[in-house]
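Numbering of residues begins at 1 and proceeds along the displayed sequence.
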Amino acid sequence: MSRRVQEALVLILALATTIASSWVPRKAYVTLGDIMGCEDGCYVAAGGWPFVYAVDGMASSPVGSADALGILLGLDKIRWEMFALNFGVWIVAFSLVAIAFSKRN
């Protein structure tokens with residue numbers, strides 16, 4: 001397998017895994033001034049692993065859920081910096097696997 005194909009595969013797998021990780025149920029502590037009871041902070045449903053990047057939109061989202069589909073539909077919120085960190089973690093993980101397999105051959 002050529003190096004370019006390997007790099008493209010690593011990026012595709014990292015992006016797919018980052019998006020799929022949004023379905024790992026988590027909780028996030030947020031401060032929402034426009035939601036009564038959450039002005040000083042509260043825990044909401046979230047998703048993303050190892051870092052939480054999908055956060056329940058509360059006002060528009062079904063309560064208790066947050067995932068990539070909700071983000072695409074505009075129901076949940078995304079934390080772009082955490083999404084980027086997740087993506088970076090998965091790039092490193094898949095790159096290490098690719099390096100290990102290329103050394104074996």
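In this structure Ile99 satisfies the side chain to side chain contact (heavy atoms under 4.5 Å, CB included) test together with Lys103, sequence neighbours excluded. Partners of Leu15 according to the side chain to side chain contact (heavy atoms under 4.5 Å, CB included) rule, which considers only residues two or more places apart in sequence or in another chain, are Ile19, Phe83, Phe87. Arg3 pairs by the salt bridge (Lys or Arg N to Asp or Glu O under 4.0 Å) definition with Glu7, not counting sequence neighbours. Judged as a side chain to side chain contact (heavy atoms under 4.5 Å, CB included), and not counting sequence neighbours, the contacts of Pro50 are Asn86, Val89, Trp90. Taking Thr31 as the reference, nothing meets the side chain to side chain contact (heavy atoms under 4.5 Å, CB included) condition, with sequence neighbours excluded.
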Checklist entry - Can you list the steps and then say if Lys77 with Val44 is a side-chain contact (heavy atoms from CB on, under 4.5 Å)? => result CA-CA 11 Å; Lys77 299 177 188 224; Val44 298; over 6 Å; no
Item to check | Test side-chain contact (heavy atoms from CB on, under 4.5 Å) applied to Met82 and Leu85, step by step | outcome: CA-CA 5 Å; Met82 294 295 117; Leu85 280 174; 3.6 Å; yes
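Transitive grouping of hydrophobic side chains (ILVMFWY, heavy atoms separated by less than 4.5 Å) brings Leu75 and Val24 into a common cluster. Grouping the Ile, Leu, Val, Met, Phe, Trp and Tyr side chains by contacts below 4.5 angstrom, directly or via other members, places Ile12 apart from Phe94.
For Ala28 against Val55, the heavy-atom pair with the smallest separation is CB-CG2, 4.4 Å. The two residues Ser65 and Ala45 have their closest heavy-atom pair at N-CB, 3.5 Å.
Each of Leu11, Leu9, Val10 was evaluated against Leu13; a single residue qualifies, Leu9, per the side-chain contact (heavy atoms from CB on, under 4.5 Å) test.
Asp76 places a side-chain N or O within 3.5 Å of a backbone atom of Gly57 that can act as its donor or acceptor partner.
Among pairs with a residue in residues 39-55, none fulfils side-chain hydrogen bond (donor to acceptor under 3.5 Å, both in side chains), at least two apart in sequence or across chains. Sorted by first and then second residue, the side-chain hydrogen bond (donor to acceptor under 3.5 Å, both in side chains) pairs with a member in residues 17-30 read Trp23-Asp67; sequence neighbours excluded.
Alongside Val92, the hydrophobic cluster contains Leu96 (criterion: ILVMFWY side chains under 4.5 Å).
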